[in-house]
Asks: 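This structure is in structure tokens; I'll ask about it shortly.
Small disclaimer: the values here were computed from a predicted structure and weren't measured. Indexing begins at 1, ligand by ligand and atom by atom, following the structure's order.
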Amino acid sequence: MPFQKFDLPAPILRNVRALGYTAPTPIQEQAIPLIRAGNDVVGVAQTGTGKTAAFLLPVIQKLLEKPRGSTGVLVLAPTRELAQQVESCFRGLAAGTALRSALVIGGVPESPQERALRAGVDLVDATPGRLLALLRGRCSMPNLHTLILDEADQMFDLGFLPDIKRIVAMLPVKRQTMLFSATMPPDVARLSAAILTNPTNVTVGAQGTPIETVTQIVYPVPSYRKTALLEHLLEQMERPSVLIFTRTRHGARKLARTLNDKGHNVTELHSDRTAAQRTRALQGFRARIYPILVATNIAARGLDVRHITHVINFDVPAASEEYVHRIGRTGRAGDAGDSMVFMSPDESSILARVERQLKCRLARRVLPDFDYGAPPPPKHQPVGTGQGKPRRQPVGAGVGGPSRKPSRGQGRR
Ligand code: AMP
């Protein structure tokens with residue numbers, strides 16, 4: 001098997017095979033030997049390239065060679081969902097070994113996490129806010145030898161830089177550090193220069209461009225007909241797994257409720273939902289219990305659900321970076337995927353800006369069998385713009401639930 005050249009222990013090779021990885025991806029080809037050799041590494045790779053296994057495989061190998069009993073590896077991720085994803089990848093790749101990991105994320109009780117940190121586990125997967133809260137004077141990681149910052153550009157966008165600096169200041173200086181990011185804006189490059197030592201750079205694929213396996217179409221449509229167009233398109237999809245992005249939490253909630261009222265099996269993911277609701281929503285979408293997930297940008301980056309067939313931008317994204325991240329949720333690992341953008345007349349200038357940034361014009365499609373000219377409803381409240389009040393309290397298994405205001409930015413901790 002092509003993974004054999006990395007000299008991975010037999011149980012790990014078995015796990016790689018069980019996960020269906022037949023050959024290393026380009027980032028794995030490049031990064032695994034470098035990490036294995038002990039280098040600090042900066043990895044710039046588009047999402048869906050296999051970067052999680054690229055850092056976890058050599059890290060697991062290292063952990064198996066070291067004495068156990070105290071926390072050796074820390075992975076920092078920007079959102080709970082991404083931390084959970086790294087955790088599940090670790091469990092898959094380290095299955096059958098004695099290695100243990102702990103998930104340290106917000107929205108769930110602190111004490112089991114604090115106990116795990118005190119006892120020491122081989123690998124800690126954390127979001128910065130919760131980890132900082134637990135580390136402050138109560139726990140430490142004196143034997144940590146490897147630090148990984150995943151999705152660094154999103155951590156920066158979410159304002160985690162001060163938290164990251166505080167955490168890094170508490171870690172042993174002698175360590176191996178890796179930073180992975182979908183893009184490399186100057187702020188992230190500065191962070192990398194500050195906390196990595198003579199890093200080797202690994203870049204896979206062009207930065208900031210959508211992946212080639214995704215078909216991209218723009219649907220010009222009056223804003224009050226967006227929901228009808230969505231229903232029209234959903235009717236034509238066979239066994240779809242659809243991720244719909246709205247600009248606002250309120251928009252996501254309202255659209256999910258509307259679709260639910262119309263008989264669709266839909267769930268929602270945004271920062272007005274509790275941690276338990278977010279976990280259930282994602283689990284249900286992953287398990288295909290819900291073929292439709294309506295989300296805000298909280299789900300735009302790094303989220304790895306292999307079977308997503310369609311990404312629908314119900315609102316035009318504000319910038320090309322946001323667009324590229326969103327549509328990277330489909331067309332994963334070489335599969336084909338469809339991206340759709342619903343563009344109302346008042347959003348055309350926003351899309352024009354995105355297209356200028358992408359340096360390409362996206363194809364437009366007008367459907368001959370859809371009634372674009374149907375009269376607007378008597379009291380029109382556009383979905384997805386953040387305007388108006390929800391009609392009623394949530395219903396349906398996947399939709400709604402108690403609200404929670406995040407203390408700081410969307411999807412934090
Ligand atoms: P990531 O970029 O880490 O989010 O990974 C994207 C997806 O690719 C995940 O579903 C991985 O399980 C999958 N993957 C990672 N490495 C390989 C590989 N060598 N062959 C096939 N799939 C892979």
Asks: For ligand 1, which atoms sit closer than 4.0 Å to a heavy atom of Thr52?
Replies: 1 (P), 3 (O), 4 (O)
Asks: Does ligand 1 have any atom sitting under 4.0 Å from a heavy atom of Arg306?
Replies: no
Asks: Give the atoms of ligand 1, by number and element, whose distance to some non-hydrogen atom of Phe3 is under 4.0 Å.
Replies: 19 (N)
Asks: With heavy atoms under 4.0 Å as the rule, classify the contact between Ala23 and ligand 1 as side chain, backbone, both or neither.
Replies: backbone
Asks: Taking 4.0 Å as the limit for heavy-atom contacts, which would you say applies to Phe180 with ligand 1: side chain only, backbone only, both, or neither?
Replies: neither
Asks: For ligand 1, is Cys89 a contact, meaning one of its heavy atoms is under 4.0 Å away?
Replies: no
Asks: Is a salt bridge present between Glu322 and Arg353, judged by a nitrogen-to-oxygen distance below 4.0 Å?
Replies: no
Asks: Under 4.0 Å from a heavy atom of Thr25: give me the atoms of ligand 1 that qualify, with their elements.
Replies: 17 (C), 18 (C), 19 (N)
Asks: Can you find a pair of side-chain heavy atoms, one from Ile298 and one from Arg278, that are under 4.5 Å apart?
Replies: yes
Asks: Examine ligand 1 and decide if any of its atoms is less than 4.0 Å from a heavy atom belonging to Leu19.
Replies: no
Asks: Between Phe314 and Phe342, is the ring centroid distance below 6.0 Å?
Replies: yes
Asks: Got Leu123 and Leu99 here, is their nearest side-chain heavy-atom distance under 4.5 Å?
Replies: no
Asks: Any side-chain donor paired with an acceptor under 3.5 Å for Gln357 and Tyr323?
Replies: no
